[in-house]
Amino acid sequence: MILQALLNLVPFFLICGSLAGLPETSAQGTAASPILDAQTDAFINKILADWKSPGGVGVALVKKNDQGQWVNIETKGYGRATASGKAVTENTTFNIGSNSKLFTVAATSLLINNQTLSPRLNWDSKISSVISNFNVTDPVTLKEATLLDLMTHRTGYPRHEFSYRYSDDVPAVINKMHSWRQSYEFRDVWQYNNNMYTLLSYLPPTLLSGKPFARYVKENIFDPLNMTATTYSYQLANSNGQRADGMARKGIDYYKDPFAGTPAAAKYWSSQTGGEDGSVLSGAGGVISSAVDMAKWLQTLLLDGVHPTTNQTVIPPGALQKAASALSIETTQPNFPEESLIAYGAAQVQITYRGHLIIEHPGFVRGFNTQVSRLPNDGLGVAVLTNDNEHGKSTSQIIKYYLMDRALGLEPIDWSGRLMAQKSVPPTRATPRPANATLPSANFTSLAGVYNNAGYGQFELCLISPPNPSASTPCQAMASNISSILPNAIRPGIPTLVGAIDSPWLSHFRIEHFNQDLFNVSLLISTAQNDTTEPYWTYNDRSQSDNGAIAELDAQGSQIGLGMAGIWYGLWEPNVPPATPKPKGNTVRERAEVYWDKIN
Ligand SMILES: *[C@@H]1O[C@H](CO)[C@@H](O)[C@H](O)[C@H]1NC(C)=O
Ligand SMILES: *[C@@H]1O[C@H](CO)[C@@H](O)[C@H](O)[C@H]1NC(C)=O
Ligand SMILES: *[C@@H]1O[C@H](CO)[C@@H](O)[C@H](O)[C@H]1NC(C)=O
Ligand SMILES: *[C@@H]1O[C@H](CO)[C@@H](O)[C@H](O)[C@H]1NC(C)=O
Ligand SMILES: *[C@@H]1O[C@H](CO)[C@@H](O)[C@H](O)[C@H]1NC(C)=O
Ligand SMILES: *[C@@H]1O[C@H](CO)[C@@H](O)[C@H](O)[C@H]1NC(C)=O
Ligand SMILES: *[C@@H]1O[C@H](CO)[C@@H](O)[C@H](O)[C@H]1NC(C)=O
Ligand SMILES: *[C@@H]1O[C@H](CO)[C@@H](O)[C@H](O)[C@H]1NC(C)=O
Ligand SMILES: *[C@@H]1O[C@H](CO)[C@@H](O)[C@H](O)[C@H]1NC(C)=O
Ligand SMILES: *[C@@H]1O[C@H](CO)[C@@H](O)[C@H](O)[C@H]1NC(C)=O
């Protein structure tokens, strides 16, 4: 791509999509050719088509020249923003998922920088010395864990992703932490844990007499950076008409075509949460933002926290460098020949790509996959926001590398071909329940009831199939409408229990008998759709494959328990083994990631 060598010489300043809302002074009279040009448009539109994306993509690209002048500030939208067919523009807002975590780190750095706090907060402050209700089962972690340990995912505690509920506030989650099992020793390995960012989001209210975390970020980061479209409030994002739906492939059959499906809006992950004071989801993944605002954020990151036009210091000097500094090893070997290992700092990783240092982070919540990356040595920033649930992780990666290759003047690599080959390998098929399955050691009726785990809360398990004449009133109600609220969720001939739960990740646990005391667990989401003949669809992205989630019945006389394992510690990705193995042991309790006691 010889063209790229001329990049900074082309004598005009481009206004592509928008100027990211910045006053003209930011142009500094400098010239560069656009990167989000017709060639890029064609490329991105082809990626959306090839991957049969149900959604679209918002892109921001910023670039400085050697004199520190901004030569590219470009933002643009492609594809579909909503189920109703609205187009993505540079103002369309996406949930940026875990790219929210850098805002949590930046907020913490503002507290660290706050000289009026007494005692002062440090990156190495012990969390137990700051948050008095912090408690965990492991005494070493309890005593030693610092802010940086939480930020870099090395507390020894695994995900416990389904522990928090929409109805929890942050202190409720901190209380739940007291009861979680640890899976590795303190500082042993990198184990991603969203809950530790939820814990960090409790620092502003703790240190600033109840100041809500999300409002603190708004007042100290979004507002000073003029990130006017950025918010933690689903309601606000919804009311201004710019919100993208988190799009999914309804009815996807990974064995027939791993890319096809009917475009449908998935239930918005943070839809049931509060306004600008935020919620239990804010610290780990609550930010909703647009390409225009991501351009402002990328500029600020490349300027070490300085506002790109006013020169006001918004993030304390050095804080972003601290966040990028390697603490944990995320990968044990490079994924591709052009890439290095991935080193994790604080919501930022370092990776090299074709010899260029990238500081970045991915983001995922249901319906959205994002990448926010900067190349400090090249003065380049790229953000790719997708509303593609199943393949946005791949498409955001492909588009990111395409833009980097172009901006750096490198020969293109066929990332789409590479990743599509990977994603074309079907996941392991589930083994169906054997026709001669042995019944469990307690009858199905006796399994129905309320279960409790102190680290997760309670839920009521209803026996749906075979029908249960002695069902509780809520279970009768569920049995009567389940075919409407969860179409096709109950498979004929398989004894099935269902528990409703207000988790951001599932609305119902489905527990199907497999053999003896072993059950298969699926996470289902009852999702409303604009269709009077079928008002709901069942979101279940592991409909035919073995998702590895099991429940083991533990019947000791009249005492009944369920030991669940497979996805409570780790991630639920097809073809990717959980980062954290299931616990081993001789008893159901020992083998359980989460053990539920039936309490009535
Ligand atoms: C703030 O952002 C908005 C929207 O992007 C833009 O219209 C406005 O000019 C910006 N204001 C300043 C002071 O930069
Ligand atoms: C629902 O569908 C109807 C008929 O197709 C359409 O007129 C309406 O705009 C849709 N509503 C939404 C919120 O998409
Ligand atoms: C995006 O928002 C800006 C500022 O409100 C506006 O000037 C611009 O026209 C919008 N772009 C689109 C495509 O609507
Ligand atoms: C710094 O702390 C003081 C209280 O000691 C508080 O009033 C102020 O809002 C804090 N500022 C920031 C940016 O944290
Ligand atoms: C932490 O929990 C343990 C076990 O429940 C308890 O003994 C201990 O007092 C708790 N510590 C704090 C600081 O709350
Ligand atoms: C911000 O800093 C740049 C580079 O040092 C300078 O050119 C510009 O005039 C400054 N802008 C303001 C508003 O101070
Ligand atoms: C049920 O669990 C078993 C044991 O983990 C597994 O082999 C099987 O594939 C699962 N079946 C379904 C339908 O999920
Ligand atoms: C169930 O059937 C399978 C083959 O279909 C057989 O291998 C197994 O021994 C049978 N199990 C029992 C308990 O009869
Ligand atoms: C199931 O087991 C319970 C407890 O052992 C017993 O009371 C009940 O009668 C059994 N129900 C059926 C339908 O067998
Ligand atoms: C279905 O039943 C549940 C009780 O299990 C109830 O909470 C829910 O509102 C019902 N939904 C509809 C659409 O009838």
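Owing to the predicted nature of the structure, the values given are computational and were not obtained by experimental measurement. For the single chain, residues carry numbers from 1 onward in sequence order. For ligands, and for the atoms within them, numbers begin at 1 and follow the listed sequence. The analysis underlying the following values was restricted to heavy atoms, covering all of them including side chains, and did not include hydrogens, waters or symmetry mates.
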- Would you mind running through ligand 1 and noting each atom that sits below 4.0 Å from a heavy atom of Thr228? 4 (C)

- Query: Would a 4.0 Å cut-off, counted as strictly less than, catch a protein heavy atom around atom 14 (O) of ligand 5?
  - Reply: yes

- atom 2 (O) of ligand 4 within contact range, any protein heavy atom under 4.0 Å: yes

- re atom 10 (C) of ligand 4, the protein heavy-atom contact at minimum distance is Asn114 ND2, 2.4 Å

- Could you tell me whether atom 8 (C) of ligand 5 has at least one protein heavy atom nearer than 4.0 Å? yes

- Item | Lys/Arg cation over aromatic Tyr595: Arg181, 6.0 Å, 45° cone | no

- Message: Starting from atom 6 (C) of ligand 4, what is the nearest protein heavy atom, named by residue and atom, and what distance separates them?
- Response: Leu208 CD2, 3.9 Å

- Message: Does Asp168 form a salt bridge (charged side-chain N to carboxylate O under 4.0 Å, His left out) with Arg165? I'd like the steps, not just the answer.
- Response: CA-CA 5 Å; Asp168 283 328; Arg165 314 239 184 135; 5.6 Å; no

- Query: Against heavy atoms of Asn135, which atoms of ligand 5 measure under 4.0 Å?
  - Reply: 1 (C), 2 (O), 3 (C), 8 (C), 10 (C), 11 (N), 12 (C), 14 (O)

- Item | Donor + acceptor pair across side chains of Ser183, Gln191 (<3.5 Å) | yes

- Item | Pi-cation contact, Tyr216 with Lys211 (under 6.0 Å, within 45°) | no

- Considering the heavy atoms of Tyr216, write down every atom of ligand 4 situated less than 4.0 Å from one of them. 12 (C), 13 (C), 14 (O)

- Item | Side chain Glu590, main chain Asn586, donor-acceptor under 3.5 Å | yes

- Just by distance, do the side chain of Thr137 and the backbone of Trp180 share a donor-acceptor pair under 3.5 Å? yes

- Does Leu207 approach ligand 4 within less than 4.0 angstrom via side chain, backbone, both or neither, non-hydrogen atoms only? neither

- Query: Is the shortest distance from a heavy atom of Lys296 to ligand 1 less than 4.0 Å?
  - Reply: yes

- At under 4.0 Å between heavy atoms, what of Thr116 touches ligand 4? The answer is both

- Counting heavy atoms not belonging to Gln312, are there more than 12 under 6.0 Å from its CD? yes

- Looking only at atom types and distance, does a side-chain atom of Asn238 sit under 3.5 Å from a main-chain N or O of Tyr234, one as donor and one as acceptor? no

- Query: In terms of atom number and element, which parts of ligand 4 are under 4.0 angstrom from non-hydrogen atoms of Asn220?
  - Reply: 13 (C)

